[in-house]
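Remarks on the structure that follows.
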Amino acid sequence: MKTYKIAVIAGDGIGPEVIDEGVKVLKAAAKLDGGFDFEFTYFPWGCEFYKKHGKMMDDDGIEQLKKFDAIFLGAVGAPGVPDHISLWGLLLAIRKGFDQYINLRPVKLLKGAPTPIKDATPENVDMVFVRENSEGEYAGSGAWLFKNKPNEVVIQDGVFSRHGCERVIRYAYELARSQKKSLTSISKANALNYSMVFWDQIFAEVGKEYPEVETHSYLVDAASMFMVKDPGRFEIVVTSNLFGDILTDLGAAIAGGMGLAAGANLNPEREFPSMFEPIHGSAPDIAGKGEADPLATVWSASQMLDFFGHTDLGKLLIDCIESLLVERKTLTPDLCGNATTSEVGDAIVEKMKSLYNGN
Ligand code: NAD
Ligand code: IPM
Ligand code: MN
């Protein structure tokens, strides 16, 4: 029997609370299927670890993670540790260390999910963001000159390589073609006269290999407006690292909130483990209260199952989330319910049993 080895990094704040429910659901999925198993190995890395050891993970952390089939991550970041230290020391170190250059983020309004958009329906809010996840504005290149002097200067470079742009754009074209969907590129070539002119050029070049894919290209400012005013325009979307970060929080707001938004950090060649996580942070404002919504984490567990080829179970989890949203009986406060984090996890497991048997 196949055993998937999963490295669990629960992290900070609500991370451990939501990860507990994700693990619960993955175990239930394996049990229902009966044909595979999971083995979870927990790593105590995060801001508490940093406070004790002066680093976010072990020095050979990336080496330790290499042997796993996937990484399941809660959230990183806590008051008292500067965010650029905690995130560059763990989350971004893993994304970059394992060349997880695709960040796949569904923006899909499930039935029953709240949306602030008047005309939004499950039919017209159904997008997948393919966010570049290895370079661009997040390349980590720059300088801090004349620190604390009157002539102080900081430089943060955007790094857009041909290799890096081509591979993410090609991935998005492949996805659009296989799903018979349109592909929208979001950039900003009117102002960013090197990086985004280059991005647009590569979008057009790679597109020649995919004449059957309908394409659109928007400036990021207009795209943000259209996501709210006319979300049905977007199906598969490809964009840069920072634009993708910002637009997927906007997407989360449209499709039910941060408690429902998931993301997969993929190394498509499977040379290294991929990482699955909710896209929200450690939410210090609600941490420890048992009210964090675990559904984003459950959705990321569904992405993990898809990645392993268990797409029937991946879909089952989405159906279970939708069913909870429609029934409105067991939801956390962000979705106007009064259930606890673990009650929602338990309710998902119960739903899985009933919907799986119903198949
Ligand atoms: P956040 O996502 O943690 O919180 C934003 C708001 O959304 C808060 O009001 C929070 O209560 C709410 N929220 C988030 N997730 C929720 C959930 N599952 N259920 C219910 N409500 C939820 O973003 P922030 O406040 O900007 O950042 C807090 C910390 O997290 C910072 O240190 C930041 O750097 C870090 N961060 C980490 C990640 C990650 O690990 N992937 C992502 C984003 C932010
Ligand atoms: C996300 C987060 C991260 C990002 C931060 C915490 C570095 O906001 O996954 O969306 O910007 O990628
Ligand atoms: Mn983000």
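Along the sequence shown, residues are numbered consecutively beginning with 1. Whatever order the structure lists ligands and atoms in, that order sets their numbers, starting from 1.
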Q. Considering distance alone, does some N or O of Arg131 sit under 3.5 Å from an N or O of ligand 2?
A.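 Yes: some nitrogen or oxygen of Arg131 is under 3.5 Å from one in ligand 2.
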
Distance filter under 4.0 Å to [X] heavy atoms, resulting ligand 1 atoms:
{"X": "Gly77", "result": "32 (O)"}
{"X": "Glu277", "result": "41 (N)"}
{"X": "Gly281", "result": "1 (P), 2 (O), 3 (O), 30 (O), 36 (N), 37 (C), 38 (C), 42 (C), 43 (C), 44 (C)"}
{"X": "Leu87", "result": "34 (O)"}
{"X": "Ile14", "result": "15 (N), 16 (C), 17 (C), 18 (N)"}

Mark whether [atom] lies under 4.0 angstrom from at least one protein heavy atom.
{"atom": "atom 34 (O) of ligand 1", "result": "yes"}
{"atom": "atom 26 (O) of ligand 1", "result": "no"}
{"atom": "atom 12 (C) of ligand 1", "result": "no"}
{"atom": "atom 30 (O) of ligand 1", "result": "yes"}
{"atom": "atom 39 (C) of ligand 1", "result": "yes"}

**Q.** ligand 1 to Gly259 polar contact by distance, N or O atoms, under 3.5 Å
**A.**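 No, no N or O pair falls under 3.5 Å.
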
Q. Do ligand 1 and Arg95 have nitrogen or oxygen atoms that lie under 3.5 Å from each other?
A.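 Not met; the criterion fails.
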
Q | Pick from Asp293, Val76, Asp249, Ile286: the one approaching atom 21 (N) of ligand 1 most closely through a non-hydrogen atom | A |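 Shortest heavy-atom distance from atom 21 (N) of ligand 1: Ile286.
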
**Q.** Per atom 8 (O) of ligand 2, closest listed option by heavy atom (Leu73, Asp83, Asp245)
**A.**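 Answer by nearest heavy atom: Asp245.
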
Would you please indicate if the ring centroids of [X] and [Y] are separated by under 6.0 Å?
{"X": "His216", "Y": "Phe226", "value": "no"}
{"X": "Phe276", "Y": "Phe307", "value": "yes"}
{"X": "Phe203", "Y": "Tyr173", "value": "yes"}
{"X": "Tyr218", "Y": "Phe234", "value": "yes"}

How far is [atom] from its nearest protein heavy atom, and which residue and atom name does that atom have?
{"atom": "atom 11 (O) of ligand 2", "result": "Tyr138 OH, 2.5 Å"}
{"atom": "atom 3 (O) of ligand 1", "result": "Ala283 N, 2.8 Å"}
{"atom": "atom 8 (C) of ligand 1", "result": "Asp285 OD2, 3.3 Å"}
{"atom": "atom 5 (C) of ligand 1", "result": "Met258 CG, 4.9 Å"}
{"atom": "atom 7 (C) of ligand 2", "result": "Leu87 CG, 3.8 Å"}
{"atom": "atom 14 (C) of ligand 1", "result": "His280 CB, 3.6 Å"}

(Q) Residue-level breakdown please: for Arg105 versus ligand 2, do any non-hydrogen atoms fall below 4.0 Å on the side chain, on the backbone, on both, or on neither? (A)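 For Arg105, the contact with ligand 2 is made by the side chain alone.
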
Q. Which is it for Arg95 and ligand 2 at heavy atoms under 4.0 Å: side chain, backbone, both or neither?
A.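 Under 4.0 Å from ligand 2, Arg95 contributes side-chain atoms alone.
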
Could you measure the distance from the [atom1] atom of [X] to the [atom2] atom of [Y]? Nearest 0.5 Å is fine.
{"X": "Phe198", "Y": "Ser187", "atom1": "CZ", "atom2": "OG", "result": "13.0 Å"}
{"X": "Asp346", "Y": "Thr330", "atom1": "CG", "atom2": "OG1", "result": "9.5 Å"}
{"X": "Thr341", "Y": "Glu291", "atom1": "OG1", "atom2": "CD", "result": "7.5 Å"}

(Q) Taking 2.8 Å as the cut-off, does Asp249 contribute an N, O or S atom near the Mn ion (ligand 3), distance below it? (A)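 No - counting backbone and side chain alike, Asp249 has no N, O or S atom under 2.8 Å.
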
(Q) Would you say that Thr184 contacts Arg233 through its side chain, given a criterion of any heavy-atom pair below 4.5 Å between the two side chains? (A)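 Of all side-chain heavy-atom pairs linking Arg233 with Thr184, none is under 4.5 Å.
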
Q.
Within the structure provided, determine whether Leu295 and Ile348 are in side-chain contact (heavy-atom separation under 4.5 Å).
A.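 With C-beta onward as the side chain, the pair touches.
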
Q. Does ligand 1 have any atom sitting under 4.0 Å from a heavy atom of Ile279?
A.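 True for this residue.
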
Q) In Asp245, the N, O or S atom nearest to the Mn ion (ligand 3) is which? A)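 Answer by atom name: OD1.
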
Q: Using atom types as modelled and distance alone, determine if a side-chain donor or acceptor of Asn265 lies under 3.5 Å from a backbone N or O of Gln100.
A: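 It does not hold such a pair.
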
Under 4.0 Å, heavy atoms only, figure out whether ligand 1 is touched by the backbone of [X], its side chain, both or neither.
{"X": "Asp83", "answer": "side chain"}
{"X": "Pro284", "answer": "side chain"}
{"X": "Thr332", "answer": "neither"}

**Q.** Tyr210-Glu174 side chain donor-acceptor pair, cut-off 3.5 Å
**A.**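 The criterion, which ignores hydrogens and geometry beyond distance, is satisfied for Glu174 and Tyr210.
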
Q | Passing candidate, salt bridge (charged side-chain N to carboxylate O under 4.0 Å, His left out) with Arg95, options Glu277, Glu132, Glu135 | A |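 So the option named by the test is Glu277.
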
Q: Inspect the surroundings of NZ in Lys51 and state if more than 12 heavy atoms from other residues, nucleotides or ligands are less than 6.0 Å away.
A: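 Enclosed: over 12 neighbouring heavy atoms sit under 6.0 Å from NZ of Lys51.
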
Q | Partner residues of Val159 under the side chain to side chain contact (heavy atoms under 4.5 Å, CB included) criterion, sequence neighbours left out | A |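 Partners of Val159 under the side chain to side chain contact (heavy atoms under 4.5 Å, CB included) test: Ala139, Ser141, Asp157.
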
Q: State plainly whether the residues Asp33 and Lys2 are in salt-bridge range, i.e. N to O under 4.0 Å.
A: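 Looking at Lys2 together with Asp33, the answer is no, because their closest N to O distance does not fall below 4.0 Å.
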
Q. Under 4.0 Å between a Lys/Arg side-chain N and an Asp/Glu carboxylate O for Arg167 and Glu269?
A.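 No, no charged N to carboxylate O under 4.0 Å.
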
Q) If you look at every heavy atom in Ser134 and Asp99, which pair is closest and at what distance? A)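 Where Ser134 meets Asp99 most closely, the heavy atoms are CB-OD1, 4.3 Å.
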
